[in-house]
Amino acid sequence: MPRACACHILVKKKELAEELKQRLAKGEDFATLAKKYSTCPSKKQGGNLGEFFKGDMVKAFDEVVFKRPILKVHGPIKTQFGYHLIKTLYRN
């Protein structure tokens, strides 16, 4: 079964997600922004969700992690939890 490791920043407003994505594009550190802005408990680990299997996350999240290029920030991706910026670290 496919596995992956990803980091994310979860926020309530799309506008904030877009602003953070621009800051990341300018070189700000993903983990630092996750610790400051993310509403997910993973923020304590800089947004790192650790390793998980395909199907463990909600469909929209899985689509990004298992189909889009790794080591790039994707989003904002809307789920029932809010807006995610997602960076897949690896998958196999």
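Because the structure is predicted, anything quoted here is derived from the model rather than measured. We use all heavy atoms of the structure for the numbers below, so side chains are in, but hydrogens, waters and symmetry mates are not.
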Legend entry - Considering all heavy atoms, the nearest Val64-His74 contact: CG1-CB, 3.7 Å
Inset, instruction - Would you confirm whether Asp62, through its side chain, and Lys54, through its main-chain N or O, come within 3.5 Å as a donor-acceptor pair? - result: no
Inset, instruction - State, to 0.1 Å, how close Phe53 and Phe66 come at their nearest heavy-atom pair, and which atoms those are. - result: C-CZ, 3.9 Å
Legend entry - Residues that, via side-chain heavy atoms closer than 4.5 angstrom, fall in one hydrophobic cluster with Leu89: Ile70, Leu71, Tyr90
Inset, instruction - Check whether any side-chain N or O of Ser38 sits under 3.5 Å from a backbone N or O of Leu10 as a donor-acceptor pair, and report yes or no. - result: yes
Inset, instruction - Please report the closest heavy-atom contact between Gly46 and Phe30, naming both atoms and the distance. - result: O-CD2, 4.0 Å
Legend entry - Lys67: salt bridge (Lys or Arg N to Asp or Glu O under 4.0 Å) partners, not counting sequence neighbours: Glu63
For residues 18-25, which side-chain N or O atoms pair as donor and acceptor with protein atoms under 3.5 Å away, sequence neighbours left out?
unit_1	atom_1	unit_2	atom_2	d
Lys21	NZ	Gly75	O	2.7
Arg23	NE	Glu28	OE1	3.4
Arg23	NE	Glu28	OE2	2.8
Arg23	NH1	Tyr37	OH	3.0
Arg23	NH2	Glu28	OE1	3.1

Legend entry - More than 12 heavy atoms of other groups within 6.0 Å of Lys78 NZ: yes
Inset, instruction - Treat each ILVMFWY residue as a node, draw an edge where side-chain heavy atoms are under 4.5 Å apart, and state whether Ile9 and Met57 are in one component. - result: no
Legend entry - Heavy-atom pair with the smallest gap, counting every atom of Phe81 and Lys12: O-NZ, 3.4 Å
Inset, instruction - Could you tell me whether the side chain of Arg91 and the main chain of Val65 form a donor-acceptor pair under 3.5 Å? - result: yes
Inset, instruction - Report whether Val73 and Ile77 are members of the same hydrophobic cluster (ILVMFWY, side-chain heavy atoms less than 4.5 Å apart, transitive linking). - result: no
Inset, instruction - Treat each ILVMFWY residue as a node, draw an edge where side-chain heavy atoms are under 4.5 Å apart, and state whether Tyr83 and Leu33 are in one component. - result: yes
Inset, instruction - Working to the nearest 0.5 Å, report the span between CG of Asn48 and NZ of Lys87. - result: 10.0 Å
Inset, instruction - Taking all non-hydrogen atoms of both residues into account, name the closest pair between Pro76 and Leu85 and its distance. - result: N-CD2, 4.0 Å
Inset, instruction - Just say parallel, tilted or perpendicular for the rings of His84 and His8, cut-offs at 30° and 60°. - result: parallel
Legend entry - Spatial distance of atom CD (Glu51) from atom CG (Asp56) [nearest 0.5 Å]: 10.0 Å
